[in-house]
Amino acid sequence: MSKVINHKRGDCIWFHTTKPERVENIKRFGLKTGSEPTWQSHPEPWIYVSTEPWYPEYTGWIVLEVDLSWLSVKDCGWPFIDYTNSEEWDNRWQLRVFKDVPPMYIRVLEGVGK
């Protein structure tokens, strides 16, 4: 299986930002495709992860560390990228994951969102 390497880190660790009230459910059931969205108006068949921790300007958000070492590259894709534009490709930061992420691959970053 090909691993989903975070090109900015050189490993399979990615990040997901969420509301504090969702953390316990995520710790129990994992990240789910098609779940109630935070940023979009309707559920989507993927989960967004980022190459670096993303902290919205608002206080109280929680950043999760997501290990995608178990995921095949065919189960994810880069949104919003013009593949012919080398600057956009080099600066890509957000990945769509098309499978649920089990809780064993998720860790809440300590001290984040407080």
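Hydrophobic cluster membership differs between Phe29 and Val23, with clusters built from Ile, Leu, Val, Met, Phe, Trp and Tyr side chains linked at under 4.5 angstrom. Cluster annotation: Ile47 and Trp70 are assigned to the same hydrophobic cluster (Ile/Leu/Val/Met/Phe/Trp/Tyr, side-chain heavy-atom contacts under 4.5 Å, transitive). Val108 and Ile26 fall within a single hydrophobic cluster, where Ile, Leu, Val, Met, Phe, Trp and Tyr side chains are chained together by heavy-atom contacts under 4.5 Å.
With sequence neighbours left out, the side chain to side chain donor-acceptor pair (under 3.5 Å) criterion links Glu65 to Arg107. Evaluation of the salt bridge (charged side-chain N to carboxylate O under 4.0 Å, His left out) rule for Glu24 yields Lys27 as partners, not counting sequence neighbours. Partners of Asp75 under the side chain to side chain contact (heavy atoms under 4.5 Å, CB included) rule, at least two apart in sequence or in another chain, are Leu71, Ser72, Lys99. Scored by the side chain to side chain contact (heavy atoms under 4.5 Å, CB included) test, Pro103 finds no partners at all (sequence neighbours excluded). Not counting sequence neighbours, the partners of Asp67 by the side chain to side chain donor-acceptor pair (under 3.5 Å) test are Ser69.
In this structure, CG in Leu95 is found 9.5 Å from NE2 in His7, a value given to the nearest 0.5 Å.
Minimum interatomic distance between Pro20 and Ile62 (heavy atoms only, all atoms of both residues): CA-CG1, 3.8 Å. Pairing each heavy atom of Val63 with each of Pro53, the nearest pair is CG1-CB, 4.0 Å.
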Between Trp61 and Thr17, is the side chain to side chain contact (heavy atoms under 4.5 Å, CB included) condition met? List the steps.
CA-CA 7 Å; Trp61 293 90; Thr17 302; 4.0 Å; yes
Given the rule in the side chain to side chain contact (heavy atoms under 4.5 Å, CB included) test, do Leu109 and Leu64 qualify, once you have shown the distances and angles that lead to the verdict?
CA-CA 6 Å; Leu109 293 181; Leu64 307 173; over 6 Å; no
For residues 8-16, tabulate all N or O donor-acceptor pairs below 3.5 Å that involve a side-chain atom, not counting sequence neighbours.
{"from": "Arg9", "atom 1": "NE", "to": "Asp11", "atom 2": "OD1", "distance (Å)": "2.9"}
{"from": "Arg9", "atom 1": "NE", "to": "Asp11", "atom 2": "OD2", "distance (Å)": "3.4"}
{"from": "Arg9", "atom 1": "NH2", "to": "Asp11", "atom 2": "OD2", "distance (Å)": "2.9"}
{"from": "Asp11", "atom 1": "OD1", "to": "Ile13", "atom 2": "N", "distance (Å)": "3.1"}
{"from": "Trp14", "atom 1": "NE1", "to": "Val4", "atom 2": "O", "distance (Å)": "3.2"}
{"from": "His16", "atom 1": "ND1", "to": "Tyr48", "atom 2": "O", "distance (Å)": "2.7"}

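Checking Asp100 against Thr33 by side-chain atom types alone, a donor-acceptor pair falls below 3.5 Å.
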